[in-house]
Amino acid sequence: MDIHQRLAEFFRRLEAEPPAATADEAIALLCRLMEEVEDEFCPVARTEPPPLAFTGRMYAPREDYIHRLPDGSLTASTRRHRIVCQRDGAITVVHMTDKCVVFTKPGRH
């Protein structure tokens, strides 16, 4: 599976999961699913810690790229995306280059 197909599978699985109730639950869900998809479909083995240079494998946001905000939300940056997890668990993923929203999921109410 190429990287675009794996990203589509990641978003499909993220959409299918029950909504998160908090920003921390949302980012944990996102990280878990990213690892599952890449472990299952990516030909490049995972390394720890994740490399800074692109290897062909997608990684969940590094902890040092996750910023927790005073209102209970958080933002995380990856190579091509900015992720916003609201305090109610809602998730928005924005493509960094064109600022286009590529995925949204409401939080648990």
Side-chain angles (χ1 to χ4, degrees):
M1 224 183 239
D2 73 26
I3 194 166
H4 301 290
Q5 293 168 316
R6 296 191 321 268
L7 187 59
E9 175 64 13
F10 164 72
F11 286 139
R12 186 193 67 71
R13 290 183 186 191
L14 188 56
E15 180 62 36
E17 287 286 323
T22 67
D24 285 327
E25 282 183 20
I27 197 70
L29 173 63
L30 189 137
C31 291
R32 178 180 58 82
L33 291 175
M34 178 61 65
E35 289 180 9
E36 287 177 5
V37 168
E38 289 301 87
D39 286 348
E40 188 173 343
F41 297 111
C42 183
V44 178
R46 179 178 7 174
T47 60
E48 292 297 332
L52 294 176
F54 182 64
T55 63
R57 182 183 179 95
M58 296 183 293
Y59 286 89
R62 294 166 45 115
E63 188 61 38
D64 54 339
Y65 286 78
I66 298 173
H67 303 284
R68 287 174 170 72
L69 304 174
D71 67 358
S73 65
L74 63 82
T75 63
S77 298
T78 65
R79 183 171 157 267
R80 299 254 187 229
H81 297 93
R82 165 146 300 186
I83 301 158
V84 178
C85 299
Q86 299 295 335
R87 61 185 275 182
D88 70 350
I91 301 169
T92 303
V93 180
V94 178
H95 192 271
M96 295 282 268
T97 304
D98 60 14
K99 308 298 185 226
C100 179
V101 173
V102 296
F103 181 83
T104 60
K105 181 177 182 75
R108 190 178 319 148
H109 299 288

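Please read all numbers here as calculations on a predicted model, not as lab measurements. Hydrogens, waters and symmetry mates play no part in the numbers below; they use all other heavy atoms, side chains included.
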If hydrophobic residues (ILVMFWY) are linked whenever their side-chain heavy atoms come closer than 4.5 Å, directly or via other members, who joins Leu69 in its cluster?
none

With ILVMFWY side chains joined below 4.5 Å, transitively, what does Leu14's cluster contain besides itself?
Met1, Ile3, Leu7, Phe10, Phe11, Ile27, Leu29, Leu30, Leu33, Met34, Val37, Phe41, Phe54, Met58, Ile66, Leu74, Ile83, Ile91, Val93, Val102, Phe103

Contact check, side chains of [X] and [Y], non-hydrogen atoms, under 4.5 Å:
| X | Y | answer |
| --- | --- | --- |
| Cys31 | Pro61 | yes |
| Pro18 | Arg108 | no |
| Arg46 | Glu38 | no |

Should Glu9 and Arg13 be marked as a salt bridge (charged side-chain N to carboxylate O under 4.0 Å, His left out) after you check the CA-CA gap, both sets of side-chain angles, and the distance that decides it?
CA-CA 6 Å; Glu9 175 64 13; Arg13 290 183 186 191; 2.6 Å; yes

Whether Gln5 side chain and Asp2 backbone form a donor-acceptor pair below 3.5 Å
yes

Heavy-atom donor-acceptor pair, Thr47 side chain to Pro50 backbone, under 3.5 Å
no

For Lys105, is there an ion pair with Glu17 - N to carboxylate O distance below 4.0 angstrom?
no

Does this structure show an ion pair linking Asp71 with Arg87, if we count only N-O contacts that are shorter than 4.0 Å?
no

If every non-hydrogen atom of [X] is compared with every non-hydrogen atom of [Y], which pair is closest and at what distance?
| X | Y | result |
| --- | --- | --- |
| Arg82 | Ser77 | NH2-OG, 3.0 Å |
| Gly107 | Pro19 | C-CB, 3.7 Å |
| Ala23 | Cys85 | CB-O, 3.5 Å |

Lys/Arg cation over aromatic Tyr59: Arg57, 6.0 Å, 45° cone
yes

Take Thr92 and Gln86 through the side chain to side chain contact (heavy atoms under 4.5 Å, CB included) test and state the conclusion after the steps.
CA-CA 8 Å; Thr92 303; Gln86 299 295 335; 5.6 Å; no

